[in-house]
Each structure stands twice: as C-alpha cells, then as structure tokens.
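This report refers to the structure that appears directly beneath it.
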There are 2 protein chains.
Amino acid sequence: MDNSDAIASFAALSQPTRLDVFRLLVKAGAQGMLSGEIGERLDVRQNTMSANLAVLLNAGLVRNERQGRKIRYFADFDAMRGLLGFLMEDCCGGRPDLCQPVIDEIACAC
Amino acid sequence: MDNSDAIASFAALSQPTRLDVFRLLVKAGAQGMLSGEIGERLDVRQNTMSANLAVLLNAGLVRNERQGRKIRYFADFDAMRGLLGFLMEDCCGGRPDLCQPVIDEIACAC
DNA sequence: TCCATATATCATGATTAATTGATATATTTA
DNA sequence: TAAATATATCAATTAATCATGATATATGGA
C-alpha cells in the first residue's frame with residue numbers, strides 16, 4: 001500500500017454508487033455477489049455498473065471470479081486492511097486514548 | 001455518519017496533498033499542527049493549502065482552533081471512527097476470520 | 001492607526017471523472 | 001452454429017475538481 005494505491009482506493013469510494021457497492025460486498029463477505037445482482041439491487045444500469053466495478057477492481061478494493069457467464073465480486077479484506085493501516089500509520093502521537101475508539105468502532109460483531 | 005458524509009470524507013482523502021495532510025495530522029495526534037507548518041512541511045502554496053484544509057474541514061475529518069493569528073489543525077478521531085464504522089457496517093457476512101485482520105491492522109502501537 | 005503576518009476567498013483556465021447509447025466480447029443453451 | 005444472456009468497452013457530452021494569481025480578512029505589534 002503506497003500513496004497512490006491509497007489515492008485510488010479513496011477515489012473509488014468517493015462515488016455514491018461505488019460506495020454502496022463496496023458496503024454491500026462488505027456485508028456479503030465471503031459469499032460475494034454477482035455483478036447483475038448488485039446492479040439490480042442498487043438500480044444501476046448495466047454499463048454504468050460495469051464501469052464502476054472496474055474502478056473498484058482497479059483500486060484493488062474488490063476481487064472477482066467468473067462463474068459461467070456471470071461474474072461474482074467480493075470485497076477484498078486484505079486491501080481494506082492495507083488501506084486503514086496506511087491511514088492510521090503512527091497514529092495518535094502516543095496517546096492510545098485517541099486511537100482506541102477508532103479501533104473499537106470497526107471491531108464488528110461478526 | 002450518513003452516506004453523503006462518507007462520500008465527502010473519501011473525496012477529501014482522494015487527493016494527494018489532502019491525504020498527506022490528514023496522515024500528518026494523524027501522526028501529530030492531540031498536538032495538531034499549524035496551518036503554516038503543514039504547508040511548509042509539504043511544500044504547498046498558501047492558498048492551495050488553505051483550500052485543501054477547507055475541504056478536510058468541511059468533510060469533518062479535521063478540526064481547527066485559532067491561536068492568535070495562526071490556526072492549529074487536528075485530525076478528528078471521532079470522525080475517523082464514524083467513517084470506518086460506516087464502511088465496515090455488518091461486515092464479513094458472519095465470518096470473523098475475514099474481519100479480524102482488518103481490525104488488527106489499525107491496532108496501532110501507541 | 002499603520003504595517004506585517006497568517007489565513008481565506010474569488011475568478012479562471014485546465015484537467016479529470018461520470019453517465020449514456022451503441023456496440024463488442026464471452027459463455028451457455030438450443 | 002445460431003440465439004440468448006451476462007458483462008465489458010468505446011466515444012461523446014456534461015459536470016466536477018484543481019491549482020493559481022490576485023485580493024480580502026483577521027490578528028498582533030510598532
């Protein structure tokens with residue numbers, strides 16, 4: 001994870017449809033979702049969805065896997081890890097009380 | 001933290017100077033940094049830096065505090081918390097092994 | 001009050017991104 | 001192999017963003 005990877009990731013997440021897609025894939029977890037399923041759920045046209053998925057893919061935030069003529073997309077949790085780590089690098093100026101709540105927040109119930 | 005707050009935050013972080021600024025302020029922690037200090041450190045012109053700080057401020061990612069004629073900026077850790085929580089909401093589809101490494105990554109050493 | 005310092009705002013030109021209609025590619029089924 | 005389905009690519013228009021020069025505002029000190 002270098003600076004330009006992080007820029008690409010944040011740019012990818014800074015668009016409403018793509019943010020929705022990514023959060024949907026985070027929720028879906030290891031099961032992922034089909035491209036068509038995603039487009040239907042979010043009511044986004046086919047080519048727009050394809051373009052937006054390509055941006056997420058290019059940023060490394062999602063992976064995909066062909067299944068016949070469908071394509072299944074997954075949130076890439078390793079990429080998430082890298083991105084958040086990059087953002088929080090050397091955080092807090094030595095004051096854990098600032099940093100800890102941030103960590104707690106993503107300590108999801110799963 | 002709603003969808004449009006998150007969009008604003010990611011858009012703010014998707015620009016090289018602003019990402020540098022934010023990471024610098026994360027490192028600085030509670031001490032923060034003066035606007036001028038930041039501009040000098042990152043070698044960015046005065047009005048460009050001011051505009052970029054305004055974007056971060058508007059996104060809620062940083063706070064500021066006037067000190068005489070200088071203005072001190074701070075990373076807003078509550079906003080970070082909200083943003084990461086929003087992104088990871090209902091994560092992993094019930095598989096903690098996917099989520100845990102993400103949490104571990106930002107468990108900084110401070 | 002006048003000047004210097006620190007920061008913010010405004011207008012503009014240049015670059016970049018987003019959506020869309022049309023079309024192409026890949027895969028499965030008949 | 002032809003048709004149908006699922007997804008990707010292309011070209012073009014519109015819209016958003018960025019850095020910059022110029023200028024304005026706010027604070028502190030002489």
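Any value given below was found using the heavy atoms of this structure, including those in side chains, with hydrogens, waters and symmetry copies removed. Naming: A, B, ... by sequence-line order, numbering from 1 per chain. The structure presented is a predicted model; accordingly, all values stated were derived computationally and were not measured.
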Nearest of [options] to any side-chain atom of [X]?
X	options	value
Arg69(A)	dT20(D), dA8(D), dT28(C)	dT28(C)
Lys70(B)	dA6(C), dT9(C), dA19(D)	dA6(C)
Ser35(B)	dT19(C), dA8(D), dA8(C)	dA8(C)
Arg18(B)	dC18(D), dT20(C), dT7(C)	dC18(D)
Arg66(B)	dA19(D), dA18(C), dT27(D)	dT27(D)

Are Leu42(B) and Leu19(B) in one and the same hydrophobic cluster, where Ile, Leu, Val, Met, Phe, Trp and Tyr link if side-chain heavy atoms are under 4.5 Å apart?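 Yes, Leu42(B) and Leu19(B) fall within the same hydrophobic cluster.
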When the distance from [atom1] of [X] to [atom2] of [N] is rounded to whole Å, what number comes out?
X	N	atom1	atom2	value
Gln15(A)	dT17(D)	CD	P	11 Å
Ile38(A)	dT7(D)	CD1	C1'	12 Å
Arg72(B)	dT7(C)	CZ	C1'	15 Å
Phe10(A)	dA17(C)	CZ	P	17 Å
Ile71(A)	dT28(C)	CD1	C1'	14 Å
Asn52(B)	dT17(D)	CG	C1'	11 Å
Asn58(A)	dT16(C)	CG	C1'	15 Å
Leu57(B)	dT7(C)	CG	P	13 Å

Donor-acceptor pair, side chain of [X] and main chain of [Y], under 3.5 angstrom:
X	Y	value
Arg63(B)	Phe74(B)	no
Arg23(B)	Glu89(A)	no
Arg41(B)	Gly36(B)	no

When you match Ala11(A) and Arg45(A) each to their closest nucleotide on DNA chain C, which lands nearer the 5' end? Ala11(A)
Ranking Val55(B) and Asn47(B) by the position along DNA chain D of their nearest nucleotide, the one closer to 5' is Val55(B)
Upstream residue (5' side of DNA chain D) when Ser14(B) and Leu53(A) are each assigned their closest nucleotide: Leu53(A)
Does a distance-only test, which skips hydrogens and angles, find a donor-acceptor pair under 3.5 Å between the side chain of Gln46(A) and the base of dA8(D)? yes
Sub-4.5 Å side-chain heavy-atom contact between Leu61(B) and Asp76(B): no
